[in-house]
Amino acid sequence: MQKTIADFLNTINSPMATVMVIVLSAAGIWFTIRTKGVQFTMLGEMCRLLFKGDKGLQGNEGKRVSTFEAFMVSLASRVGTGNLAGVATAIVIGGPGAIFWMWVMALLGSVNTFMECTLAQLFKSRGEESFIGGPAFYITKGLHKRWFAVIFAIAIFAQFGLTNNMVQANTISSAFTEAFSIPPMAMAILLSLLSLAVIFGGIQRIAKVCSYIVPFMALAYLGIAVWILAVNITSLPAMIGLIFRSAFGFEQAVGGTMGMAILMGFKRGIFSNEAGEGSAPNAAATADVSHPVKQGLIQTLGVFTDTLIVCTCTAFIILSSGLYDCGANGIELTQAAMTWHIGPAGKYIIAICIFFFAFSSVIGNYYYGECNLAFLCNGSSHTKTAIQLYRIGLGVLIFIGSLMTIDIVWALVDFFMVIMTVVNLTSLFLLGKYAVTLLEDYKRQLKAGKDPQYQSSTIPEISDETECW
């Protein structure tokens with residue numbers, strides 16, 4: 001029965017995923033035009049905001065999530081096993097040219113993240129521990145269609161809050177069992193306890209943990225990649241040439257593999273950095289900033305970090321080994337490449353990387369589930385009870401996922417991702433004008449030498465729905 005359901009879902013998922021890639025790409029082009037290429041023209045401002053920080057709104061000196069912490073929560077969810085296994089799969093199926101198209105998708109699709117995260121800030125609400133918001137909130141407040149927002153909230157809760165975390169837990173458990181011969185049961189207990197210890201602390205603890213784990217894991221992985229690249233520096237020109245020949249080569253165009261390279265590059269880029277899916281806005285909304293555009297810009301930088309840095313590291317590790325066509329695929333290919341570079345220790349390094357990448361995704365994903373569960377409860381007196389039960393239930397699912405995963409779980413991850421992306425993109429097209437107005441307001445204030453501050457009177461027609469400004 002489970003296999004039948006999984007096969008049915010996969011039959012739906014495959015064509016829908018292709019359509020989703022096309023629509024996300026079209027959205028990236030449209031919003032790049034509307035914002036005059038904000039992802040390129042304001043790159044310097046993104047970096048300045050990330051490292052300078054922001055004092056936030058006056059009168060909100062209590063519990064708060066900083067711009068950096070919100071950035072790290074979203075990056076924790078973005079940077080996961082897909083950065084290690086997904087890139088390898090893209091190279092195997094689409095050839096080395098898929099990496100070039102992955103870069104293109106990151107540059108193009110990053111503007112989708114700017115739009116959704118700016119809107120999340122604009123329409124956020126005040127929660128008990130921090131601000132709270134995301135697509136479900138801006139759909140309700142901006143479009144006044146709660147039923148549409150409920151569809152999104154259910155989909156992201158099922159995808160990020162539940163099924164995706166089972167997959168992440170299974171990946172960690174499998175990697176450690178393979179590398180260190182640790183019994184799956186021991187890993188299941190350890191992962192469940194670690195996850196519960198973090199998530200029961202709420203967004204404050206999640207943000208703090210992510211602000212330590214994510215920079216460490218990203219810099220450590222970058223350091224390994226840079227070292228490997230330095231040792232193989234003489235092969236760099238040939239490797240870059242291989243990527244571009246495979247992306248544009250005549251043989252690839254004639255043989256039909258060029259189309260596969262584009263499709264796989266775009267898919268991996270989208271599925272890894274999540275730009276436009278509606279996940280990152282849930283973290284972006286928690287940040288205490290003085291202008292919505294500030295967090296929109298910072299979150300755009302997250303797409304570049306995920307794809308142009310972390311995914312590229314994996315690609316260079318694989319391509320410089322020359323093993324990309326050895327027959328291995330997914331995480332096995334990444335492990336084989338790392339072992340080729342540094343010997344038997346390679347599999348241990350990859351296992352440790354997987355732990356940090358996937359565990360950070362688990363706690364980041366959890367918050368997306370909590371945020372949307374709170375939305376679905378709609379202020380009910382039972383909200384706290386529902387969240388506590390969710391936390392316990394997730395601990396159980398992580399335990400089960402560490403021991404086993406089934407085809408239907410993987411199929412459900414893809415199915416719910418398509419639903420949430422379609423709903424989110426529809427709302428972005430309808431509400432995008434507000435993000436563009438905010439960007440223009442932000443630029444005007446910057447040009448005047450001010451530290452941009454947003455006032456609800458800037459967009460008077462929605463001032464009643466922007467309660468935090």
Side-chain angles (χ1 to χ4, degrees), residues 47 72 75-76 78-92 94-107 110 171-172 175 179 212-244 246-247 264-265 268-269 271-273 301-326 328-361:
C47 296
M72 287 303 158
L75 198 59
R78 282 192 177 104
V79 179
T81 54
N83 296 78
L84 299 175
V87 173
T89 300
I91 293 173
V92 170
I99 302 306
F100 172 82
W101 297 110
M102 182 182 71
W103 294 336
V104 171
M105 189 64 244
L107 295 171
S110 56
T171 303
I172 296 174
Y212 287 110
I213 290 181
V214 176
F216 167 75
M217 73 181 190
L219 291 174
Y221 192 58
L222 177 61
I224 294 170
V226 169
W227 178 81
I228 289 174
L229 195 58
V231 172
N232 299 275
I233 193 66
T234 56
S235 65
L236 181 60
M239 185 167 56
I240 298 296
L242 176 64
I243 291 174
F244 279 86
S246 180
M264 287 306 301
R268 281 304 102 203
F271 296 161
S272 176
N273 60 50
L301 198 60
V303 176
F304 296 154
T305 303
D306 173 271
T307 306
L308 300 184
I309 296 179
V310 182
C311 286
T312 299
C313 285
T314 301
F316 281 176
I317 288 171
I318 293 171
L319 294 178
S320 60
S321 72
L323 299 176
Y324 65 90
D325 56 355
C326 69
N329 195 357
I331 197 64
E332 292 81 10
L333 175 55
T334 308
Q335 286 177 315
M338 188 69 82
T339 300
W340 187 91
H341 285 296
I342 63 178
K347 67 177 182 180
Y348 304 120
I349 291 175
I350 291 298
I352 293 171
C353 287
I354 285 175
F355 175 82
F356 284 108
F357 280 36
F359 181 70
S360 65
S361 290

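Please read these numbers as outputs of a predicted model, since none were measured by experiment. In this chain, numbering begins with 1 at the start of the sequence shown.
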Measuring from [X]:[atom1] to [Y]:[atom2], what's the distance to the nearest 0.5 Å?
| X | Y | atom1 | atom2 | value |
| --- | --- | --- | --- | --- |
| T314 | I309 | OG1 | CD1 | 12.5 Å |
| L236 | L319 | CG | CG | 11.0 Å |
| M105 | C311 | CE | SG | 13.0 Å |
| S246 | Y324 | OG | OH | 7.5 Å |

Centroid-to-centroid, F357 to Y221, below 6.0 Å?
->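 Yes, the ring of F357 comes within the 6.0 Å limit of the ring of Y221, centre to centre.
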Applying side chain to side chain contact (heavy atoms under 4.5 Å, CB included), run through M239 and L229 and close with a yes or a no.
-> CA-CA 11 Å; M239 185 167 56; L229 195 58; 3.8 Å; yes
Are the side chain of S360 and the backbone N or O of F356 linked by a donor-acceptor pair below 3.5 Å?
->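 It does hold such a pair.
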For S321 and I318, indicate whether the former's side chain and the latter's backbone hold a donor-acceptor pair under 3.5 Å.
->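 Checking the backbone N and O of I318 against the side chain of S321, a donor-acceptor pair under 3.5 Å is found.
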Minimum heavy-atom separation for [X] to [Y], with atom names?
| X | Y | value |
| --- | --- | --- |
| I354 | A175 | CD1-CB, 3.8 Å |
| S320 | I228 | OG-CG2, 4.0 Å |
| I350 | M338 | CD1-CE, 3.7 Å |
| M102 | T307 | CG-CG2, 3.5 Å |
| A179 | A351 | CB-CB, 3.7 Å |
| A337 | I317 | CB-O, 3.7 Å |

Can you list the steps and then say if F359 with I172 is a side chain to side chain contact (heavy atoms under 4.5 Å, CB included)?
-> CA-CA 8 Å; F359 181 70; I172 296 174; 4.2 Å; yes
Relative to each other, are the rings of W103 and F100 parallel, tilted or perpendicular (30° and 60° limits)?
->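 The arrangement is perpendicular - the two ring planes meet at more than 60°.
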For side chain to side chain contact (heavy atoms under 4.5 Å, CB included), just list the numbers for N232 and H341, CA-CA rounded to whole Å, side-chain angles, deciding distance to a tenth of an Å, and then say yes or no.
-> CA-CA 9 Å; N232 299 275; H341 285 296; 3.6 Å; yes
Side-chain heavy-atom pair [X], [Y] within 4.5 angstrom cut-off:
| X | Y | value |
| --- | --- | --- |
| I224 | W227 | no |
| M72 | I213 | no |
| L107 | L308 | yes |

